[in-house]
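Atom set for the values below is all heavy atoms of this structure, side chains included, hydrogens, waters and symmetry mates excluded. Please read all numbers here as calculations on a predicted model, not as lab measurements.
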Amino acid sequence: MDVSKREKILLGGMGAAILVAAVYLLWPSSAPRSPEMTPQQLADSKKAAESQLQSLERIQLSPREIQAVNNAQKPWPRDPLSPKPPDPEAQVDRDKFHFTGFVRVGERSLAVINGREYQVGEQLESGGFEVSEISPEAVVLQGLVRKNKVRIPYQDPSFFAGH
């Protein structure tokens, strides 16, 4: 096996990186010390905080600003950056419906759902939902009890026939 100069340099660099990583991970380290405040620093900090509070008391806040400050101090019901969890019931409902046909005659639109024709406002045979919107791309069903809306996209009937 003939190793070129370039390959020797690459292997040497990789070996050095592994060695440095091993030393970094395995070398005992001392726990980081928390900075301690001297009595003078603590007194200065308290004095600065009191000064800020006094200056805030002189400011006249509007009722809207007061409400914003009060709301900011309350705990949030959920993380506003986390994605909204999907409605598991809507997913179950969506899986039991198949929109496989669309017909428009004049102003009237018909949708073929689970092999039956429906128009807007009709209740599905399987119950629990009525058709609220029909378009060539999808139908929207509305729950009769929960009033939730479920969008069912058009599905090519050949998909179900195995073609």
What's the spacing between [X] [atom1] and [Y] [atom2] if we round to 0.5 Å?
X      : Y      : atom1 : atom2 : result
Thr100 : Ile113 : OG1   : CD1   : 8.5 Å
Gln142 : Leu144 : CD    : CG    : 8.0 Å
Lys147 : Ser132 : NZ    : OG    : 11.0 Å
Gln41  : Glu36  : CD    : CD    : 10.5 Å

Hey, any chance [X] and [Y] share a hydrophobic cluster, counting ILVMFWY side chains that come within less than 4.5 Å of each other, even indirectly?
X      : Y      : result
Phe97  : Tyr154 : yes
Val139 : Leu124 : yes
Leu110 : Val140 : no
Phe102 : Val120 : yes

Exercise. Considering only heavy atoms from C-beta outward, does the side chain of Tyr118 approach that of Glu130 to under 4.5 Å?
Worked result: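 Result no, sub-4.5 Å side-chain heavy-atom pair not found.
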Exercise. Taking atom CD of Glu117 as the centre, does the number of heavy atoms from other residues, nucleotides or ligands within less than 6.0 Å exceed 12?
Worked result: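 Atom CD in Glu117 is not crowded, with 12 or fewer foreign heavy atoms closer than 6.0 Å.
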Problem set entry | Nearest non-hydrogen partners of Pro153 and Ala138, listed with the distance |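 Scanning both residues completely, I find the closest heavy atoms to be CA-CB, 3.9 Å.
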Problem set entry | Shortest non-hydrogen contact between Phe99 and Pro136, atoms and distance |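 Taking Phe99 first and Pro136 second, the nearest heavy atoms are CE2-O, 4.0 Å.
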Exercise. Which residues satisfy the salt bridge (Lys or Arg N to Asp or Glu O under 4.0 Å) test with Arg104, sequence neighbours excluded?
Worked result: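 Salt bridge (Lys or Arg N to Asp or Glu O under 4.0 Å) list for Arg104, sorted by chain: empty.
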For this session: Determine the sole option in Leu141, Val145, Ile152 for which the side-chain contact (heavy atoms from CB on, under 4.5 Å) test with Phe129 is passed.
Result: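 It is Leu141, the one option of Leu141, Val145, Ile152 that forms the side-chain contact (heavy atoms from CB on, under 4.5 Å) with Phe129.
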